[in-house]
**Q** 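Handing you a structure now.
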Amino acid sequence: SVGHRMKFMPNDGVELMVLDGSAEKVGIGTDSPVASLHISDSDSADVNLMLSNSNTGHTIDDGFQLAVDTSKHAYIINRESSDLKFYTSNAQKMVIDSTGNVGIGNTSPSSALDVTGNFELSGNATIGGNLALTGNLTVNGTTTTVNSTTVTVDDPIITLGGDSAPASDDNKDRGVEFRYHDGSSARVGFFGFDDSTGKFTALTAATNTSEVFSGTAMPAVFGAVDVSGALTVTGNLTIGGGTDTDHTLTFNGNDNDGVL
């Protein structure tokens with residue numbers, strides 16, 4: 001009854017279990033239970049709580065067990081070749097199947113970790129194998145570094161400068177910055193749109209100042225050049241080279257057609 005204690009002892013007088021009516025607690029292996037059901041062992045030995053039925057069998061290698069070992073490790077053990085299921089709100093939310101696969105949001109995981117639904121990771125993650133994404137990838141951060149020797153993009157167009165139309169001129173250049181060594185020191189090069197001039201620019205020995213580039217105009221080699229509009233040459237213009245001196249410079253215009 002409430003306020004009384006009932007003790008269970010074998011013939012040797014050693015107390016095995018106590019029902020503490022005043023505290024409404026049951027102690028097994030302890031006469032001072034601190035929880036509704038408190039299982040303890042006064043010796044340094046493993047402590048197990050076992051659930052079994054006629055289908056699982058009743059040996060130490062059967063059924064379901066909760067245990068604490070002598071090294072203070074805690075165990076949740078399904079001794080059977082079956083799933084370990086986790087329920088909340090009267091519905092299954094997670095499962096560890098007999099092969100060790102973990103399913104969250106699904107009942108039949110097909111890989112080591114199979115998640116159905118959204119998940120959020122706060123912190124760092126390291127993936128030692130391949131990563132395949134079948135959906136879209138959005139990276140929100142300040143720096144994205146790709147340390148690989150080959151990068152392949154199926155999209156024939158690469159868009160720089162944001163994922164939406166700019167509302168104003170940010171006065172930043174757009175293009176590709178690259179690193180190289182000129183034989184004496186490490187350098188930075190750039191080719192792309194110069195925002196200040198509104199022209200395509202290629203630079204060597206470049207300096208990047210808040211995404212605005214300055215440097216030395218880069219020499220270029222072309223097989224053919226088709227210019228529609230004005231052509232401004234600062235410096236020498238050399239046509240041909242080598243031993244072949246038979247070259248033609250043609251001007252096509254409404255009033256100034258000619259060959260030089």
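No hydrogens, no waters, no symmetry mates; every other heavy atom, side chains included, goes into these values. Everything quoted here is computed from the prediction, not taken from an experiment.
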**Q** Using the test side chain to side chain contact (heavy atoms under 4.5 Å, CB included), find all partners of Arg187 that sit at least two apart in sequence or belong to another chain.
**A** Tyr180, Asp182, Ser185, Ala205

**Q** Should Met6 and Leu16 be regarded as members of a common hydrophobic cluster, given that ILVMFWY residues are connected when their side-chain heavy atoms come within less than 4.5 Å of each other, either directly or indirectly?
**A**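 Looking at the clustering, Leu16 is in a separate group from Met6.
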
**Q** Hydrophobic clusters here meaning ILVMFWY residues chained together by side-chain heavy-atom distances under 4.5 Å, can you tell me if Leu133 and Val139 are in one?
**A**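 Yes; tracing contacts between hydrophobic side chains, which count when under 4.5 Å, links both residues.
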
**Q** So with a 6.0 Å cut-off around CZ of Phe200, is the heavy-atom count from everything else above 12?
**A** yes

**Q** Can you give me the closest heavy-atom contact between Ala45 and Asp41, atom names plus distance?
**A**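 That would be CB-OD2, 3.9 Å.
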
**Q** Applying side chain to side chain contact (heavy atoms under 4.5 Å, CB included), name anything that partners Asn55, two or more places apart in sequence or on another chain.
**A**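 With neighbours one apart ignored, the set is Asn53.
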
**Q** Would Asp114 and Asn101 count as a side chain to side chain contact (heavy atoms under 4.5 Å, CB included) here? Give the steps.
**A** CA-CA 8 Å; Asp114 191 343; Asn101 290 341; over 6 Å; no

**Q** Out of curiosity, does Val221 fall in the hydrophobic cluster containing Val225 (side-chain heavy atoms, cut-off under 4.5 Å, transitive links)?
**A**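 No, Val225 and Val221 fall in different hydrophobic clusters.
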
**Q** Could you pull out all donor-acceptor pairs under 3.5 Å where a side-chain atom in residues 140-151 meets a protein atom, sequence neighbours excluded?
**A**
none

**Q** Any donor-acceptor pair under 3.5 Å linking the side chain of His38 with the backbone of Val34?
**A** yes

**Q** Are any non-hydrogen side-chain atoms of Asp195 and Asp169 less than 4.5 angstrom apart?
**A** yes

**Q** Please round to the nearest 0.5 Å and tell me the distance separating atom CZ of Phe191 and atom OG1 of Thr201.
**A** 12.0 Å

**Q** CG of Asp163: more than 12 outside heavy atoms within 6.0 angstrom?
**A** no

**Q** Among all residues two or more places apart in sequence or in another chain, which pass the side chain to side chain contact (heavy atoms under 4.5 Å, CB included) test with Thr59?
**A** Asp61, Asp62

**Q** Decide if atom CG of Leu51 counts as having more than 12 heavy atoms of other residues, nucleotides or ligands within a radius under 6.0 Å.
**A**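 Check passes, neighbour count above 12.
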
**Q** Rounded to the nearest 0.5 Å, what separation is found between the CD1 atom of Ile77 and the CG atom of Asn48?
**A**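 Those atoms lie 6.5 Å apart.
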
**Q** Taking all non-hydrogen atoms of both residues into account, name the closest pair between Pro33 and Asp20 and its distance.
**A**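 It is CG-CB, 4.5 Å.
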
**Q** What distance separates Asp194 CG from Lys172 NZ, expressed to the nearest 0.5 Å?
**A** 15.0 Å

**Q** Can you confirm whether Ile60 sits close enough to Gln65 that some side-chain heavy atom of one is under 4.5 Å from a side-chain heavy atom of the other?
**A** yes

**Q** Between Ile104 and Leu113, does the side chain to side chain contact (heavy atoms under 4.5 Å, CB included) criterion hold? Intermediate values first, please.
**A** CA-CA 8 Å; Ile104 300 176; Leu113 177 61; 4.2 Å; yes

**Q** Who pairs with Leu37 by side chain to side chain contact (heavy atoms under 4.5 Å, CB included), at least two apart in sequence or on another chain?
**A**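 Side chain to side chain contact (heavy atoms under 4.5 Å, CB included) check on Leu37 returns Val26, Ile28, Ile39.
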
**Q** Looking at every non-hydrogen atom in both residues, tell me the closest pair between Ser196 and Asp173 and how far apart they are.
**A** N-OD1, 4.4 Å

**Q** Check whether Leu49 and Val47 end up in the same hydrophobic cluster, where Ile, Leu, Val, Met, Phe, Trp and Tyr are linked by side-chain heavy atoms less than 4.5 Å apart.
**A**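 They do share one cluster, since a chain of ILVMFWY contacts under 4.5 Å joins Leu49 to Val47.
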
**Q** Linking I/L/V/M/F/W/Y whenever their side-chain heavy atoms sit closer than 4.5 Å, directly or via other members, would Phe64 and Val102 fall into one cluster?
**A**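 Yes, Phe64 and Val102 fall within the same hydrophobic cluster.
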
**Q** Say you draw a straight line from OG of Ser108 to CG of Asp83; how long is it, rounded to the nearest 0.5 Å?
**A**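 The OG atom of Ser108 sits 8.0 Å away from the CG atom of Asp83.
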
**Q** Would you say Glu177's side chain and Glu211's backbone share a donor-acceptor pair under 3.5 angstrom?
**A**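 Checking the backbone N and O of Glu211 against the side chain of Glu177, no donor-acceptor pair under 3.5 Å is found.
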
**Q** Can you list everything that forms a ring pair (Phe, Tyr, Trp, His ring centres under 6.0 Å) with Phe190? Sequence neighbours excluded, please.
**A**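 Phe213.
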
**Q** Which atom names give the shortest non-hydrogen contact between Ser81 and Ser98, and what distance separates them?
**A**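 Looks like C-CB, 3.8 Å.
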
**Q** Quick one: pull up CD in Gln92 and CZ in Phe86 and give me the separation to the nearest 0.5 Å.
**A**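 One gets 10.0 Å once the value is rounded to the nearest 0.5 Å.
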
**Q** Near Lys85 NZ, under 6.0 Å, is it more than 12 heavy atoms from other residues, nucleotides or ligands?
**A** no

**Q** Quick check: closest heavy atoms across Ser52 and Gly57, and the distance to 0.1 Å?
**A**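 Of all heavy-atom pairs spanning Ser52 and Gly57, the closest is CB-O, 3.2 Å.
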
**Q** Would a 4.5 Å heavy-atom cut-off, applied to side chains only, mark Pro109 and Val95 as touching?
**A**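 Sidechains of Val95 and Pro109: in contact.
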
**Q** First locate atom CG of Asn208, then atom OG of Ser210, and finally report the distance between them rounded to the nearest 0.5 Å.
**A**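 It comes to 7.5 Å.
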
**Q** Between Thr99 and Asp97, what is the shortest heavy-atom contact and its length?
**A** OG1-OD1, 2.7 Å

**Q** Give the intermediate values and the outcome of side chain to side chain contact (heavy atoms under 4.5 Å, CB included) for residues Ile76 and Leu66.
**A** CA-CA 5 Å; Ile76 300 174; Leu66 298 175; 3.9 Å; yes

